[in-house]
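Encoded as structure tokens, the structure appears first; notes follow it.
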Amino acid sequence: VPLPEDDQMTIELLYFPLKEGSSVMKYALRGRHDGKVFDILLTLARVLHEEQEELELGDKTKTALIEEKENNGGSDEKTIRQMARNMTVVRMESGYISNIQPDTWDITKLSSKETGEIPLLFVYEVDPRISEEEEEERVDDTNNTPKGDDLPSPASPLKMKYSFLAICQRKVEIGNSPFLHPWYQRVFGTPFLLRVADLEGYTGRDLYDLVAKRVEQYVPAKVLKFLIQNRNDIDKG
């Protein structure tokens with residue numbers, strides 16, 4: 001009698017946390033063959049949440065922690081789901097991000113065409129989205145707004161629109177065989193990923209300040225004054 005096939009598989013991933021000073025971590029998680037990408041993110045969020053609880057456990061016993069969870073009435077699951085919503089899977093090339101893998105995709109869609117296996121996934125923690133409850137309220141407010149020929153359309157969109165900004169790191173080096181110019185730019189290191197709400201409303205200066213604020217922790221102090229300048233001083237000049 002043949003053994004039943006395992007309906008789960010092991011998925012390895014690298015997780016890039018958003019918190020300053022945090023290290024990139026590698027995880028191996030179990031997921032269903034018929035699952036979605038979001039299911040993997042939920043599993044990862046649950047693992048991260050449990051790790052955080054262990055760090056904050058302190059003098060509490062496991063029994064006391066279980067009782068506290070029961071009293072919270074399932075708030076942990078809401079927290080875990082929100083953590084998963086603040087993650088995204090990307091396709092990583094040599095030093096840059098080529099595209100975003102939607103969390104609605106089937107996991108099997110990420111498998112390699114050559115081997116049929118799921119490759120190492122790259123998961124980024126990104127800037128938080130509004131909660132699902134807030135999104136539902138936005139939809140309700142829009143649907144309840146009266147409409148007519150003499151009334152303007154609702155100012156707020158039906159759903160918050162999010163955009164991703166993939167930022168690669170480059171440095172200038174001298175070319176070995178210069179043709180038109182002795183210098184060339186080489187991509188290196190780990191790229192950054194930003195999620196921006198309603199990008200259409202940003203000016204070029206707003207976008208520059210947003211990126212500068214995110215990369216500030218990686219920039220030497222002596223060049224910070226060139227990276228971030230006081231907005232008022234610029235406007236006065």
Side-chain angles (χ1 to χ4, degrees), residues 9-20 22-29 31-49 79-132 134-135 138-139 157-170 187-202 204 206-215 217-218:
M9 57 183 170
T10 300
I11 299 174
E12 295 185 343
L13 58 87
L14 287 178
Y15 174 64
F16 297 83
L18 192 61
K19 185 178 179 181
E20 182 177 348
S22 300
S23 302
V24 177
M25 300 294 292
K26 185 176 183 179
Y27 293 90
L29 307 175
R32 293 181 59 88
H33 287 280
D34 57 352
K36 302 287 185 182
V37 173
F38 188 71
D39 296 330
I40 291 298
L41 298 181
L42 273 176
T43 303
L44 174 60
R46 189 166 285 107
V47 171
L48 294 172
H49 186 66
T79 301
I80 290 170
R81 188 171 183 85
Q82 186 63 29
M83 289 174 63
R85 282 162 51 84
N86 295 335
M87 301 176 189
T88 190
V89 180
V90 305
R91 181 178 178 182
M92 187 79 74
E93 302 293 345
S94 180
Y96 68 95
I97 296 171
S98 61
N99 58 42
I100 306 295
Q101 314 285 1
D103 58 13
T104 54
W105 276 9
D106 294 333
I107 294 178
T108 53
K109 197 169 182 178
L110 304 181
S111 59
S112 170
K113 295 180 179 179
E114 298 177 356
T115 64
E117 297 180 353
I118 304 293
L120 179 68
L121 301 184
F122 296 85
V123 180
Y124 276 78
E125 180 186 9
V126 290
D127 299 273
R129 293 173 57 178
I130 62 175
S131 66
E132 291 176 309
E134 290 175 307
E135 284 190 350
R138 287 171 63 91
V139 173
L158 188 63
K159 292 188 68 175
M160 183 77 75
K161 184 178 180 181
Y162 293 93
S163 304
F164 289 95
L165 300 178
I167 307 166
C168 64
Q169 303 183 74
R170 299 180 299 176
V187 176
F188 74 100
T190 303
F192 303 99
L193 183 67
L194 304 181
R195 180 166 61 189
V196 185
D198 293 336
L199 182 61
E200 291 82 358
Y202 276 67
D206 293 335
L207 190 58
Y208 178 90
D209 289 342
L210 176 68
V211 175
K213 183 179 179 181
R214 181 55 52 83
V215 303
Q217 56 181 308
Y218 307 104

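Taking 4.5 Å as the limit, every side-chain heavy atom of Leu193 sits out of range of all side-chain heavy atoms of Leu165. Proximity of Met87 to Leu44: side-chain heavy atoms (C-beta onward) are separated by under 4.5 Å at one or more points. No side-chain heavy atom of Arg91 sits under 4.5 Å from any side-chain heavy atom of Ile97. Between Leu194 and Val211 the shortest side-chain heavy-atom distance falls below 4.5 Å. When side chains are defined from C-beta on, Val196 does not count as touching Phe164, because their heavy atoms never get closer than 4.5 Å. Between Asp106 and Asp34 the shortest side-chain heavy-atom distance does not fall below 4.5 Å.
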(message) Using side-chain contact (heavy atoms from CB on, under 4.5 Å), reason through Glu117 and Ser112 one step at a time and then give a plain yes or no.
(response) CA-CA 6 Å; Glu117 297 180 353; Ser112 170; 5.7 Å; no

(request) For Ile107 and Met9, run side-chain contact (heavy atoms from CB on, under 4.5 Å): C-alpha distance rounded to whole Å, both residues' side-chain angles, the deciding distance at 0.1 Å, then the answer. (result) CA-CA 10 Å; Ile107 294 178; Met9 57 183 170; 3.1 Å; yes

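Of all the heavy atoms in Ala197 and Tyr202, the pair that sits closest is O-CE1, 3.7 Å. Between Val187 and Ser94 the shortest heavy-atom distance is CG1-O, 4.2 Å. Here the shortest heavy-atom pairing between Phe38 and Arg81 reads CE2-NH1, 3.6 Å. Ile80 and Ala45 get closest at one heavy-atom pair: O-CB, 3.5 Å. Closest of all the heavy-atom pairs between Arg214 and Leu18 is NH1-CD1, 3.3 Å. Scanning all heavy atoms of the two residues, the minimum distance from Tyr124 to Pro191 falls at OH-O, 2.8 Å.
With Leu13 as the fixed residue, the side chain to side chain contact (heavy atoms under 4.5 Å, CB included) test singles out one of Leu41, Val89, Val123, Thr43: Val123.
A donor-acceptor contact shorter than 3.5 Å is absent between the side chain of Ser163 and the backbone of Leu199. For the pair Asp39 (side chain) and Lys36 (backbone), a donor-acceptor distance under 3.5 Å is present. At least one donor-acceptor pair closer than 3.5 Å links the side chain of Gln169 to the backbone N or O of Thr190. Here the side chain of Arg195 pairs a donor or acceptor atom with the backbone of Asp127 at under 3.5 angstrom.
Taking CG from Leu14 and OH from Tyr27, the interatomic distance works out to 11.0 Å, rounded to the nearest 0.5 Å. To the nearest 0.5 Å, atoms CH2 (Trp105) and CD1 (Ile40) are separated by 15.5 Å. One distance of note links NE2 of His49 with CG of Leu42; it measures 12.5 Å at 0.5 Å rounding. Atoms CD1 and CG, from Ile167 and Leu210 in turn, are 7.5 Å apart once rounded to the nearest 0.5 Å. Note: Leu120 CG to Ile118 CD1 = 11.5 Å, rounded to the nearest 0.5 Å.
The existence of a salt bridge linking Lys19 and Glu125 is excluded, since no basic side-chain nitrogen approaches an acidic carboxylate oxygen closer than 4.0 Å.
Between Phe16 and Phe122, the angle of the ring planes stays under 30°, which puts this pair in the parallel group of the 30/60° scheme.
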